[in-house]
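What follows is one structure encoded as structure tokens, with my remarks underneath.
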2 protein chains.
Amino acid sequence: MVGHSEAIAELRDLLGERLSTGQSIRETHSHDEAYTTPVLPDAVAFPETTQEVSEIVKICAKHGCPIVPYGVGTSLEGHVVPIKGGLTLNMMRMNRVLDIHPDDLDAVVQPGVTRTELNEALRDTGLMFTVDPGADATMGGMAATRASGTNSVRYGTMRENVLALEVVTADGTIIRTGTRARKSSAGYDLTHLFVGSEGTLGIITELTVRLFGRPETMSAATCAFEQIDDAVQSVIVAIQSGLPMARIELIDEVQIRGLNAYNEAFDLPEMPHLFLEFHGSPNGVAEQVDLFRDIANDHNVIDFQWADMPEAHKKLWSARHNAYYAARAMRSGAVGVVTDVCVPISALAPCIAEAKARIAQAGLISPVVGHVGDGNFHLQILVDPKSTEEMAAAKNIANSLNELALKHSGTVTGEHGVGVGKLPYMAAEHGAALGVMAAIKRAMDPQNILNPGKVVPLN
Amino acid sequence: MVGHSEAIAELRDLLGERLSTGQSIRETHSHDEAYTTPVLPDAVAFPETTQEVSEIVKICAKHGCPIVPYGVGTSLEGHVVPIKGGLTLNMMRMNRVLDIHPDDLDAVVQPGVTRTELNEALRDTGLMFTVDPGADATMGGMAATRASGTNSVRYGTMRENVLALEVVTADGTIIRTGTRARKSSAGYDLTHLFVGSEGTLGIITELTVRLFGRPETMSAATCAFEQIDDAVQSVIVAIQSGLPMARIELIDEVQIRGLNAYNEAFDLPEMPHLFLEFHGSPNGVAEQVDLFRDIANDHNVIDFQWADMPEAHKKLWSARHNAYYAARAMRSGAVGVVTDVCVPISALAPCIAEAKARIAQAGLISPVVGHVGDGNFHLQILVDPKSTEEMAAAKNIANSLNELALKHSGTVTGEHGVGVGKLPYMAAEHGAALGVMAAIKRAMDPQNILNPGKVVPLN
């Protein structure tokens with residue numbers, strides 16, 4: 001017997017077959033990719049228009065029924081788990097690219113469009129959408145979690161790339177935040193308030209996002225180092241000297257082993273690597289490459305390989321994007337306890353060293369990968385989910401790493417978000433500011449129906 | 001007889017001589033640079049520490065006394081006018097650069113530090129703080145109004161350049177927002193909520209801001225065009241082709257006449273101009289210059305002058321920063337009715353053409369200048385403040401321009417903020433979203449003591 005039956009009856013009248021209470025559909029919407037205990041929603045709705053989302057929210061508000069928006073379910077901290085039951089709002093039928101403004105370098109999309117779908121729609125324009133978390137996430141989900149990825153060091157995260165939003169608030173009101181102008185001083189920055197709010201303040205129903213011109217030249221490279229510290233120091237020097245790299249990713253020797261095993265045509269030396277990409281004019285790229293080569297040479301680079309062929313290029317980044325799956329494949333039956341700290345770049349080397357020491361101490365396997373140009377890196381500690389000992393050891397490492405990041409003026413989550421997993425750290429990271437967040441949540445969602453139990457603990 | 005006497009008596013006990021009720025000090029704090037009716041605060045406080053700001057706010061909260069933070073008073077929409085009386089908080093004794101982290105490209109400053117003071121403190125680091133509104137405003141004031149300026153097309157506005165804040169909220173609580181990490185997904189983005197909130201949600205007591213490395217080469221240029229539309233079209237093409245210009249400013253023929261008169265050594269042809277700056281490596285700058293020259297040639301550029309000497313360079317930008325004063329000097333006794341619309345770049349040409357047509361129609365003088373790379377431009381309509389006819393005509397133009405911007409998916413204020421002057425347009429720009437802003441204001445400042453009557457109309 002499902003809960004919230006009155007709300008669901010009314011929703012069925014509104015949506016007909018686009019409201020499902022079937023077991024398998026509810027199971028699909030009970031979890032994301034994190035190791036969080038699944039919880040089934042009471043029902044799943046498939047809205048097709050903003051107006052419909054508004055009507056759904058009004059029905060749920062009337063009955064105090066929780067609402068959890070859902071895209072493709074690739075979040076990594078249990079964001080979409082409906083921990084209080086209620087309705088999951090599957091946004092995948094709102095998946096149209098509504099407008100492309102090549103002259104203004106922006107596009108207007110519905111939340112169910114994925115990042116690769118948007119880039120396909122842009123194919124003939126010479127433009128690109130740059131934010132690229134590993135998964136082919138939806139634009140709505142990426143905005144909701146303030147996602148980033150490998151390109152953010154150059155082109156910014158969702159924070160910098162969402163210009164405007166249409167949002168349905170907790171009482172069903174449809175609002176618009178921001179404009180298509182590149183800047184504005186007209187009042188409170190609601191766009192940035194909704195970006196990263198994980199569905200707890202409103203349901204995103206439309207996004208206006210920035211686009212960039214595709215660079216004339218794109219050049220990729222892999223650099224192998226004997227010592228991980230040399231790789232990290234190269235990144236730090238490159239960032240500090242203002243080199244405008246489009247991507248600079250750290251892949252440690254453990255992850256390289258995983259990539260070699262997971263990708264047939266891959267055969268890199270099992271050492272810490274940097275994967276790089278440079279964008280610009282042919283001369284500009286050549287200049288950047290020379291400058292980076294000098295920096296890498298100063299830091300004992302062993303092997304420096306260029307992948308100028310589009311083919312090799314693609315292979316490289318698709319391997320990087322599959323790092324998560326490659327890592328999990330390294331230990332069969334294992335789950336990954338994923339960390340996501342982000343620190344000022346000066347603190348990157350000691351934090352990575354400390355992380356690797358703790359992994360070794362615990363006798364666990366964990367790749368280290370990172371968007372190191374932003375000071376962001378991930379462990380993916382591979383543990384047997386049936387071993388309470390291993391789980392405890394992994395959580396212990398994650399915990400100490402979060403504390404280390406805060407000590408270094410960093411954050412416990414650079415790009416994955418809070419969800420359920422990071423909730424216990426919000427007080428340590430925000431202190432008294434968490435009270436302000438709670439006041440905002442209460443003001444904007446007085447019944448606490450929007451993705452309740454996420455982002456902000458409300459006593 | 002001043003109001004709020006109980007609050008003021010308690011504040012005097014706390015601050016001694018650093019609380020002033022003297023007429024001349026109150027008059028100084030009764031206005032900014034806008035043509036807004038001055039209102040005297042009941043008293044002016046000069047706090048020296050965050051703790052003191054917190055104690056002041058607690059006293060004011062107890063007695064329901066309004067508080068208006070004040071820097072150097074260069075705002076342009078009446079932001080600092082204490083329209084409900086109460087206490088003005090002069091932040092200029094909190095003027096220390098607290099920390100410079102050259103390795104992390106950030107600095108921690110108190111709110112009373114001005115942008116040139118920060119850049120002086122950075123002189124030996126090879127780094128720069130880039131946001132540059134014309135005035136030498138304070139960092140606190142610039143964050144509060146979400147200021148930008150000539151460099152924002154390349155380096156962003158205060159929105160992109162404030163990483164973290166310390167803020168005293170309406171009940172005197174001291175909170176910290178953000179971290180020194182370059183990105184974070186840890187909860188609501190309070191930093192961006194306070195940036196642009198004009199003192200209505202909290203008092204900024206410390207800022208962590210981004211720095212950039214000073215480019216190896218900086219090259220400036222002036223280009224004269226017969227037709228303003230050719231100048232604007234050159235900008236549009238340059239932006240659309242991704243040229244990373246550091247500055248690209250439009251100065252129309254009226255403003256050029258003003259600059260020539262105001263700056264002794266200035267003698268530019270009285271035509272619409274673009275003032276440009278390119279940053280990068282010597283080769284990179286040369287390449288950008290060539291590309292821009294091609295674009296300008298395609299758009300009938302008349303005169304193309306390079307100012308590679310640091311001296312000439314300085315002269316150019318100091319003239320640009322004095323444009324406001326140069327314009328006012330063009331008509332003695334005149335005040336300037338300043339507009340600040342910002343539109344998608346594709347709408348820039350028709351909006352500027354419409355503005356110029358309306359000025360001509362009204363028979364008024366008004367320079368047009370703009371940070372056109374961002375789609376932002378200003379009129380400064382010179383009117384005799386004693387002529388109700390001229391004032392009405394100017395306001396009429398401003399009004400129609402604001403409506404035009406909204407019609408083109410733009411904003412009524414690109415960088416000056418709301419203050420008193422833009423309050424009447426907030427409903428048209430934000431629609432139902434204004435209700436969300438009001439809910440946030442009520443939640444964060446339930447007594448409405450923080451700069452009351454600004455940004456959000458509360459019934």
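Within every chain, numbering begins at 1; the chains are lettered A, B, ... in the order of the sequence lines, protein sequences first and strands thereafter.
When B:Leu406, B:Thr173, B:Asn283 are compared by the number of non-hydrogen pairs under 4.5 Å with chain A, B:Asn283 comes out ahead. Per-residue heavy-atom pair counts under 4.5 Å with chain A were compared for B:Gly178, B:Ala443, B:Cys342, and the maximum is reached by B:Cys342. Among B:Gly242, B:Gly196, B:Pro344, the residue making the largest number of heavy-atom pairs under 4.5 Å with chain A is B:Pro344. Interface check for chain A: of the options B:Lys441, B:Glu198, B:His101, the most heavy-atom pairs under 4.5 Å are formed by B:Lys441. Among A:Leu201, A:Val237, A:Val343, the residue with the largest count of heavy-atom pairs under 4.5 Å with chain B is A:Leu201. Ranked by non-hydrogen atom pairs under 4.5 Å with chain B, the options A:Gln240, A:Met158, A:His416 are led by A:Gln240. Interface summary for chain B: among A:Ala147, A:Gly435, A:Ala186, the most heavy-atom pairs under 4.5 angstrom belong to A:Ala186. Taking B:Gly202, B:Gly280, B:Ser148, B:Gly284 one by one and counting their heavy-atom pairs under 4.5 Å with chain A, the maximum is reached by B:Ser148. By number of non-hydrogen pairs under 4.5 angstrom with chain A, the leading residue of B:Val418, B:Leu127, B:Leu434 is B:Val418. Chain B forms more heavy-atom pairs under 4.5 Å with one residue of A:Ala439, A:Gly431, A:Gly213, A:Gly414 than with any other, namely A:Gly414.
Here B:Arg182 does not pair with A:Asp374 in a salt bridge; the nearest charged N to carboxylate O distance is not below 4.0 Å.
When heavy atoms are compared at a cutoff of 4.5 Å, A:Ser197 approaches chain B by way of both its backbone and its side chain. Interface residue A:His371: only side-chain heavy atoms are found under 4.5 Å from chain B. With a 4.5 Å cut-off on non-hydrogen atoms, B:Thr169 touches chain A through its side chain but not through its backbone. Heavy atoms closer than 4.5 Å to chain A are found in the side chain of B:Arg159, but not in its backbone. Only the side chain of B:Met444 comes within less than 4.5 Å of a heavy atom of chain A; its backbone N, CA, C and O stay farther away.
Counting heavy atoms from C-beta outward, A:Glu287 and B:Ser281 have side chains that approach closer than 4.5 Å. Side-chain atoms of B:Glu429 and A:Thr179, non-hydrogen and from C-beta on, do get closer than 4.5 Å to each other. You'll find the side chain of B:Tyr188 reaches within 4.5 Å of the side chain of A:Thr200, heavy atoms only. Between B:Leu193 and A:His192 there is no side-chain heavy-atom pair separated by less than 4.5 Å. Taking the side chain as every heavy atom from C-beta outward, B:Ile345 and A:Asp103 never approach each other to under 4.5 Å. With a 4.5 Å cut-off on side-chain heavy atoms, A:His408 and B:Arg180 do not count as touching.
Closest of all the heavy-atom pairs between B:Gly410 and A:Ala181 is CA-CB, 4.1 Å. Nearest approach of A:Ile174 to B:Ala432, heavy atoms of both residues: O-CB, 4.0 Å. Shown here for A:Ala433 and B:Leu190, the closest heavy-atom pair between the two residues is O-CD1, 3.7 Å. Here the shortest heavy-atom pairing between A:Val455 and B:Gly187 reads CG1-CA, 3.7 Å. The shortest non-hydrogen separation linking B:Ser185 to A:Glu415 is OG-CA, 3.1 Å.
Distance check: B:Asp189 CG to A:Asp189 CG gives 7.0 Å after rounding to the nearest 0.5 Å. Considering CD of A:Glu160 and NZ of B:Lys183, their distance stands at 10.0 Å, rounded to 0.5 Å. Atom CG in A:Leu163 sits 11.5 Å away from atom OG in B:Ser409 (nearest 0.5 Å).
Of the possible polar contacts, none joining the A:His430 side chain to the B:Ile175 backbone as a donor-acceptor pair under 3.5 Å is found. Side chain of A:Arg146 to backbone of B:Ser184: a donor-acceptor contact under 3.5 angstrom is found.
Heavy-atom proximity under 4.5 angstrom to chain A picks out B:Gly149, B:Thr157 from residues 149-157 of chain B.
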